[in-house]
Amino acid sequence: MDLGLNTDIQFIKGVGPKLAEKFARLGIRTVGDLLGHYPRKYIDYSQAYPIAQAPFDLDCCVKGELVGVEPARRIPGGRTLQKALVRDDWSTLQITWFNNPYAAKKLVPGETYYFEGRFGGNLARREVINPLIRTQEQVDQTPLVAVYPATEGLPSGVIGRCVGRVLDLTRELEDPLPEEMRRRFRLPEKSWAVRAIHTPARPQEVAEARRRLIYEELLTLQLGIFLMRGRSSKATGAPMVEYDPAPFWGSLPFSPTGAQQRAAGEIFKDMSGRPPMNRLLQGDVGSGKTLVAAAAVWMAAKNGYQSTLMAPTEILARQHAETLDRLLAPFGIAVVLLTGGMKAAEKRNALAAIEDGRAGLVVGTHAVISEKVTFAKLGLAVVDEQHRFGVRQRNLLADKAHQPHLLVMSATPIPRTLGLLLYGDLDISILDELPPGRKPVKTWFITGKKRRDLYGFLDKQMAAGHQAYIVCPAIEENGQDDSLQAVTTYLEEVARPLLPHRRIGLMHGKLKPAEKAAVMDAFKAGELDLLVSTTVIEVGVDVPNATVMVIENAERFGLSALHQLRGRVGRGSAAACCILISDNQNDSVRQRLQFLCRTPDGFAVARYDLETRGPGDFFGSAQHGLPSLRIADLATDTRVLSAAQKEAQAILAADPRLDSPDHQGLAAQVERLFEAAGPLN
Ligand code: ADP
Ligand code: MG
């Protein structure tokens, strides 16, 4: 059959329904989707390292002569193991294959090969497990090999071969960028760029193709955001008069910081203005954003309006509801909790109180923006830890009332370009002062060898009545999230054996909301000494008696995430500390972790994170809620982003709804990008 761009992927030679299912996991359903699945990177085999110089624990490629291959042998668990030795002029490399009986079949001792993988070992003898192997001839023919985002049972190599079979169809790709624009920015045609991105002849071609495709993607993204935002310059439907916050401040057991007063002042001004407030409240962990939000809720209530506060997790929503209830009860403002995990009867009561206006503040998760919720008189919407919410969620929230005031709170400082992209028209208040008496959380970086000592220290802390967290990251293998497995194995094999007489709780994302709440309540009440957790604990949890935060495999987190995590301790009067554990030997990884140890300031941490771009950084699309991008990178492609931003503005100024025939290609792209994004979580 003749293949076209819309043909189902299973009709490509060698694919079939089975493999098609695996492709579907990567969001690839048609031939066109496959061509739009761009390589993650390339291995440039012509730039192979000498064995001794291969960086530790990073994917790279070395070249060497095969000395010999041992016969394969069986090992327990029904697996096979095979070893080989490779050398160059200076050093040797030991190769180990697990369960790969064919890997060494065609290899000839005495020949030179290229090996690609992660190289460990020591300087005297380097080691690699299951490397990819290419011959000199293969490398001479195609030195650059594309590496694709892959999934279990569908490795990059298979994807590459399938792409090769449909590469000729690139000529059918229509170009969404008008010719005039391409000329102005000297961008190559789409069909050329897509072919080159998959099978570049030289690195220069990759650069050119990337520039073109990144520009297209960022222009599409920016157009979509502008179109969705479409904020009218209408007046707010919740007009208010400004009050003096003194009675609210006066009700607290402590004085607000100068920064809190300043931020509240700015918010009160906005809320009593004609256009709806649209403000971002940025402040490091522990700077007291909740209190500022409470002041805003107080002001809305004084004016006869309801407020809502939306949090990214159930745990956090419940905690906020408790805190805010304490702060607002003295003023007769009723706080109502609304989450997906609530019992039906509780939910019915909550919905009724929201609808008839008894609820002065509704605290919840995404449930707050569900269709069933009707507010009597919503005037203010607060979104906590905004980077977890999408632009669309924000708009849905705004739709619950006629142009309500909007306050978004975030602990993660956003770089200017991304801020502009996401918020554009947002004003910013910054809490640059911590409440008095807060001590910075001492942070150490250790290797797994010291784990036993660490547990001794934990035991002492617990003996003194304190509590601790241990966080294990999601370990992604073959694209599968294995965090549950990681955290339960850790609990059973490490934590319990080392602390047999302590009460240890387990927290992870797969628990039901009620189970999560029960674990959290037990921890808060001091019925648990230690909480072993995935990163669900990350944002906002407040247990003042917890003094130690331990993070296993710390190298897998971005620094900002680590900073957030350590902000979970040190909330009480006792000294607190954070211990990062990592066995990763890569220099830049170790430097990153050491930087965190000596830097208490979250803004400095975020800046460093941005510059060095560690793994799991906060630009992961899951966090900012934007559609996931195929090729552009919001942290590094900032120059293209500003160019695309200007162009998007110009396009929409002339053609606000992308109606002109010239813009049909772009309009279709926008639709596709945001459709594919799907709902968050
Ligand atoms: P974050 O900005 O990370 O959301 P929170 O709002 O959770 O911070 O506040 C952190 C802790 O500091 C809370 O326990 C809160 O009660 C306390 N706090 C907030 N403001 C002050 C203040 N002005 N003085 C003393 N403690 C404060
Ligand atoms: Mg908070």
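Each ligand, and each atom within it, is numbered from 1 in the order the structure gives.
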>> If you compare all heavy atoms of Thr547 against all heavy atoms of Ala574, which two are closest, and at what distance to 0.1 Å?
In response: CG2-CB, 4.0 Å
> Which heavy atom in Val363 sits nearest to a heavy atom in Ala321, and how many Å separate them?
Replying inline: CG1-N, 3.9 Å
> Do Gly288 and ligand 1 have an N or O pair less than 3.5 Å apart?
Replying inline: yes
> In a check of side chain to side chain contact (heavy atoms under 4.5 Å, CB included) between Ile446 and each of Ile579, Val550, Leu593, which one passes?
Replying inline: Ile579
> Can you list the ligand 1 atoms lying under 4.0 Å from a non-hydrogen atom of Pro256?
Replying inline: 23 (N)
> Which of the atoms of ligand 1 are close to Val285, meaning less than 4.0 Å from one of its heavy atoms?
Replying inline: 3 (O)
> Are the side chain of Asn553 and the backbone of Cys472 linked by a donor-acceptor contact shorter than 3.5 Å?
Replying inline: no
>> Within the 4.0 Å heavy-atom shell around Thr290, which atoms of ligand 1 are there?
In response: 4 (O), 5 (P), 6 (O), 7 (O)
>> Tell me the contacting part of Gln260 for ligand 1: side chain, backbone, both, or neither, using a 4.0 Å heavy-atom threshold, strictly below.
In response: side chain
> So, Lys289 and Asp384, do they make that salt bridge, N to O below 4.0 Å?
Replying inline: no
> Which of the atoms in ligand 1, numbered in the order shown and given with their element, are less than 4.0 Å from a heavy-atom of Thr257?
Replying inline: 23 (N)
> Which bit of Ser255 gets closer than 4.0 Å to ligand 1, counting heavy atoms only: side chain, backbone, both or neither?
Replying inline: backbone
> Any non-hydrogen atom of Gly283 lying under 4.0 Å from ligand 1?
Replying inline: no
> Can you tell which part of Ser287 has a heavy atom less than 4.0 Å from ligand 1: side chain, backbone, both or neither?
Replying inline: both
> Can you say whether the rings of Tyr243 and Trp298 are parallel (under 30°), tilted (30 to 60°) or perpendicular (over 60°)?
Replying inline: perpendicular
> Given Thr339, which of Lys347, Glu314, Glu346 fulfils the side-chain hydrogen bond (donor to acceptor under 3.5 Å, both in side chains) condition?
Replying inline: Glu314
